[in-house]
Visitor: 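One structure, pasted below without further comment.
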2 protein chains.
Amino acid sequence: MQNSQSSSKRFLDIIVELQSLIKEQGIQYGDKLPSERHLAEKLQVSRTAVREALRSMELLGLIKTKRGEGTFLSDFKKHQLVEVLSTFIMQQARSVQDVVETRMIHERAAITAVTQQPELLLLPVWKGMQSKLTEEDAVFLREDMVRETIIATENRLSLKIWFLLKQYSGVSFDVAITEKEEIAIVSELLDEMMAGNTKQALACYEQWMNRVEGERREIE
Amino acid sequence: MQNSQSSSKRFLDIIVELQSLIKEQGIQYGDKLPSERHLAEKLQVSRTAVREALRSMELLGLIKTKRGEGTFLSDFKKHQLVEVLSTFIMQQARSVQDVVETRMIHERAAITAVTQQPELLLLPVWKGMQSKLTEEDAVFLREDMVRETIIATENRLSLKIWFLLKQYSGVSFDVAITEKEEIAIVSELLDEMMAGNTKQALACYEQWMNRVEGERREIE
DNA sequence: AGTAGTCAGGTGGTCTGACCACTTTGCTGA
DNA sequence: TCAGCAAAGTGGTCAGACCACCTGACTACT
């Protein structure tokens with residue numbers, strides 16, 4: 001993906017050039033990169049500009065630098081990850097709806113996974129949730145409930161993605177639904193989950209989301 | 001000169017100092033930061049060093065710079081996004097299995113979404129896939145098939161996440177299943193999808209994955 | 001021969017001072 | 001009054017200079 005802005009971001013161009021250079025020369029992970037001075041000459045920019053690009057890449061974990069020795073290409077997979085993620089971040093999510101929808105994808109998947117693995121239903125967390133439901137405030141319920149569900153799946157990657165999406169999409173779960181209603185729905189969801197009824201649990205979830213959504217429409 | 005033996009990464013220190021400075025002065029998202037020259041003087045470092053730190057932060061989306069105007073603290077949500085992302089990136093996914101499973105989460109979600117939206121089933125892509133199935137190699141089938149499905153959902157974020165997960169988990173889809181078998185399964189999956197049978201389509205998908213997985217175990 | 005010491009060259013880390021391009025501000029003069 | 005312009009301030013870039021550190025070759029002594 002070319003960023004194609006009015007090219008005010010020189011150091012971004014340099015990063016791109018650097019990556020294609022790495023590809024061309026077949027530099028492997030752990031190998032040494034050309035020195036800053038050589039890169040500056042090769043790319044026809046100042047060493048300052050090269051360094052700004054390198055420092056950015058270093059902060060992202062793409063490279064590692066050792067004083068007196070040189071700059072080394074870091075691990076492969078981090079590389080790919082960061083590339084796409086950072087591109088996405090720069091371009092900004094096209095719509096908030098994408099973020100919300102993707103978050104819900106992970107939430108549905110967690111509910112499905114938990115209800116289909118009987119051993120996960122024996123975890124003490126669920127009973128704790130049930131008792132809390134009758135006592136406490138409903139404001140944090142959603143967060144706790146879903147988080148615990150995803151934690152139960154033991155997929156840390158999914159958990160992290162969900163976590164960041166949640167922060168990104170913001171939290172505004174206090175309108176358009178009363179606490180009583182929400183408690184009722186969540187309680188039903190929890191019951192269905194513990195009963196191992198995937199379909200019914202998902203239905204509860206959808207109902208819940210329908211009540212809760214719609215308030216975030218004019219955020220952007 | 002009070003540096004530095006212990007942590008030779010000056011620009012990292014500067015980032016930390018910058019963030020505490022932001023906190024102290026109560027700078028809000030969207031507010032203007034002190035100019036590079038002022039920061040250099042305040043932190044008792046050169047403007048070069050300040051710039052290296054700022055460029056790193058910019059690549060992470062923490063700040064935005066406008067020539068002739070100044071440097072601005074970026075939006076809150078992006079901030080969180082990047083923070084979590086970078087943490088994740090640094091720590092590395094715990095296991096390859098997480099990545100595979102998360103990828104499959106997105107794939108299942110796409111299949112479900114498409115089969116439940118009749119208008120998406122009218123897209124010409126599917127018929128194109130069907131005809132290709134009888135002609136070409138099966139090697140790229142999986143990739144094409146799944147990608148088109150996710151594209152059809154029009155969730156760009158999910159697509160990007162899937163794309164990076166795919167790269168991350170690597171591709172080794174040519175063993176443990178013959179081309180003929182794979183074509184048969186994919187063909188069935190496609191048929192079920194076009195018929196709008198969510199459940200059957202997902203069942204096909206699971207069957208497919210079961211045949212294809214298991215070969216990637218000793219990659220890492 | 002083998003070892004310790006020295007030294008030159010390369011590397012990243014930092015700094016200085018100087019331009020450039022751009023925006024805002026405010027002053028000037030008609 | 002207000003259009004126009006100059007100055008100041010900002011980020012963007014550059015060249016050149018040190019510094020701290022590492023490596024490797026060379027030297028000199030044992």
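All heavy atoms count here, side chains included; hydrogens, waters and symmetry mates do not. Naming convention: chains lettered A, B, ... in sequence-line order (proteins, then strands); numbering from 1 in each chain.
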Visitor: To the nearest angstrom, how far is Met57(B) atom CE from dG11(D) atom C1'?
Guide: 16 Å
Visitor: According to side-chain contact (heavy atoms from CB on, under 4.5 Å), who are the partners of Glu69(A), at least two apart in sequence or on a separate chain?
Guide: Lys66(A), Phe72(A)
Visitor: Between Arg55(B) (CZ) and dC14(D) (P), how many Å, whole number?
Guide: 14 Å
Visitor: Could you run down nucleotides 19-25 of chain C 5' to 3' and tag each one B, S or - for protein heavy-atom contact under 4.0 Å?
Guide: B-BBS--
Visitor: How many whole angstroms separate atom CD of Glu36(A) from atom C1' of dC15(C)?
Guide: 14 Å
Visitor: I'd like to check the side chain to side chain donor-acceptor pair (under 3.5 Å) partners of Glu206(B); sequence neighbours left out, ordered by chain and number.
Guide: Arg108(B)
Visitor: What pairs with Thr198(B) under side chain to side chain donor-acceptor pair (under 3.5 Å), at least two apart in sequence or on another chain?
Guide: Thr115(B)
Visitor: Using the side-chain contact (heavy atoms from CB on, under 4.5 Å) criterion, which residues pair with Thr153(B)? Sequence neighbours excluded.
Guide: Ala110(B), Ala113(B), Val114(B), Ile150(B), Asn155(B)
Visitor: Output the rounded distance in Å from CG (Asp13(B)) to C1' (dG13(C)).
Guide: 12 Å
Visitor: Specify the residue among Arg51(B) and His38(B) whose closest nucleotide of DNA chain D lies further upstream toward the 5′ end.
Guide: His38(B)
Visitor: Verify the contact: side-chain N or O of Thr65(B) to OP1 or OP2 of dG12(D), cut-off strictly under 4.0 Å; return yes or no.
Guide: yes
Visitor: In whole angstrom, give the distance that lies between atom CG of Leu43(B) and atom P of dC15(C).
Guide: 11 Å
Visitor: dG9(D) P sits how many Å from Leu39(B) CG, rounded?
Guide: 16 Å
Visitor: Please check the phosphate of dT11(C) (OP1 and OP2 only) for any side-chain N or O of Thr71(A) closer than 4.0 Å.
Guide: no
Visitor: Does dT10(D) have OP1 or OP2 sitting under 4.0 Å from an N or O in the side chain of Ser35(B)?
Guide: yes
Visitor: Could you check whether Thr65(B) and Glu58(B), counting side-chain N and O atoms only, form a donor-acceptor pair closer than 3.5 Å?
Guide: yes
Visitor: Sequence neighbours excluded, which residues qualify as side-chain contact (heavy atoms from CB on, under 4.5 Å) partners of Gln25(A)?
Guide: Leu21(A), Ile27(A), Lys42(A)
Visitor: Whether Glu41(A) and Arg37(A) form a salt bridge (side-chain N of Lys/Arg under 4.0 Å from carboxylate O of Asp/Glu) is what I want to check.
Guide: no
Visitor: To the nearest angstrom, how far is Glu52(B) atom CD from dT13(D) atom P?
Guide: 13 Å
Visitor: When the distance from CD of Glu58(B) to C1' of dG11(D) is rounded to whole Å, what number comes out?
Guide: 10 Å
